[in-house]
Each structure stands twice: as C-alpha cells, then as structure tokens.
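All remarks here apply to the structure that follows.
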Amino acid sequence: QVRVVESGGSSVQSGGSLRLSCDVFGHTYNHLFVGWFRQAPGKRREGVAAIDDNGDTHYADSAKGRFTISQDNAKSIVYLQMNSLKPEDTAMYYCAADPAHFLGDQFLDDTLYGFWGQGTQVTVSS
C-alpha cells in the first residue's frame, strides 16, 4: 500500500526559508509523479509544484522564483525548498503522488493524484 508522509512544516517569519520533505513508501510502480499542494483556511487546495521521474519540474506562478522542487531518487524523497516566504504562503502543505502520466497543467491538478499525505503546516508571520 502506498504511503505518503510529509515533514518539515514550521512557523517562520516573512522572508524566511523552509524545506519540506515527502517520503513515498510501499509502491511498486516503475515511476511516480509527485506534487506539492497547499490549502489555506477558507480556500480551495491549489497546486504549488510537481516533478516527474525524469526530473522535469512544474511550478505555479506563485512559486516560480521562490520555491524549488527536487528529488532524491535513491531515497525516494521529494523536497520543496521554499525561500522568501510570505504571509500568504501560510497553509497546510500536502504531498501527493500518482503513477499516471501527466501533461502540462495536469501536474498541478489535485483531482488527478491518487495518493496523499496528511499534510504539514507552514505558517509565515509578518
């Protein structure tokens, strides 16, 4: 059974940095696409960044230039490095994985991912 576990969330001040980690366990797929999503109170969940097994990356406009998604294939861990954090980045951050082959905007479409973690809270204070 596939398990997705996030870690690394914390409270930081505006301008600070955090690195989130996503461990994906228990799968036998030849490949997985992994994405980071976030949901702020009262808002719908939105895509932040995603990576495929070739290392190609996809970012939401809000993340471009500040966030970097990367993967350690040996450890099956996907990281989200978040720099220059803003109060509007405050949200529960979720990692998701799926073996489907996504194209274009599909990478940041949360409805297409089948395996989800429980989330890790990121709070950015001004």
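Quick note: residue numbers are just sequence positions, from 1.
A single hydrophobic cluster is seen to contain both W36 and V122, as judged by linkage of ILVMFWY side chains at heavy-atom distances under 4.5 Å, directly or through other members. A single hydrophobic cluster is seen to contain both V48 and V124, as judged by linkage of ILVMFWY side chains at heavy-atom distances under 4.5 Å, directly or through other members. Grouping the Ile, Leu, Val, Met, Phe, Trp and Tyr side chains by contacts below 4.5 angstrom, directly or via other members, places Y94 apart from L18. By the criterion of side-chain heavy atoms lying less than 4.5 angstrom apart, applied directly or through intervening Ile, Leu, Val, Met, Phe, Trp or Tyr residues, L20 is grouped together with Y59 in one hydrophobic cluster. No continuous path of ILVMFWY side-chain contacts below 4.5 Å connects Y113 to V4, so the two sit in separate hydrophobic clusters.
Taking both residues in full, the closest heavy atoms of A49 and L80 are given as CB-CD1, 4.0 Å, listed atom of the first, atom of the second, then distance. Nearest heavy-atom pair across A40 and A91 is N-CB, 3.8 Å. Taking both residues in full, the closest heavy atoms of V12 and S17 are given as CG1-O, 4.1 Å, listed atom of the first, atom of the second, then distance. Taking both residues in full, the closest heavy atoms of R66 and L85 are given as NH1-CA, 3.9 Å, listed atom of the first, atom of the second, then distance. Shortest non-hydrogen contact noted between S126 and S14 is CA-CB, 4.2 Å. The minimum heavy-atom distance between V34 and C95, with the atom names listed, is CG1-SG, 3.5 Å.
Between atom CD1 of residue I69 and atom SG of residue C22 there is a gap of 8.5 Å, rounded to the nearest 0.5 Å. Put simply, CG on L112 and CD on Q106 are 5.5 Å apart, with the number rounded to the nearest 0.5 Å. A distance of 12.0 Å separates OG1 of T28 from CD of Q1, quoted to the nearest 0.5 Å. Separation of atoms CD (Q71) and CG (D52) is listed at 7.5 Å; rounding is to 0.5 Å. Taking CD of Q13 as the start and OG of S125 as the end, the distance is 5.0 Å to the nearest 0.5 Å. Rounding to the nearest 0.5 angstrom, the gap separating the NE2 atom in H27 from the CG atom in L32 is 4.5 Å.
Between the D72 side chain and the I77 main chain, no donor and acceptor come within less than 3.5 Å of each other.
Every ring-ring contact (aromatic ring centres under 6.0 Å, His included) that F33 has, sequence neighbours left out, goes to H31, H101, F102, F107.
The residue from R38, Q121, Q39 that alone fulfils the side chain to side chain donor-acceptor pair (under 3.5 Å) condition with Y93 is R38.
Each salt bridge (charged side-chain N to carboxylate O under 4.0 Å, His left out) pair with one or both residues in residues 111-126, not counting sequence neighbours, would appear here, but there are none.
Contact check for F115 versus P99: side-chain heavy atoms found under the 4.5 Å cut-off.
At most 12 heavy atoms of other shown residues, nucleotides or ligands fall within 6.0 angstrom of atom CG in N30. More than 12 heavy atoms of other residues, nucleotides or ligands sit less than 6.0 Å from atom CG of D56. For Q118, the CD atom sits in a loose shell: 12 or fewer heavy atoms of surrounding residues, nucleotides or ligands are nearer than 6.0 Å.
A salt bridge between K64 and D61 is present, with a side-chain N of the basic residue lying under 4.0 Å from a carboxylate O of the acidic one.
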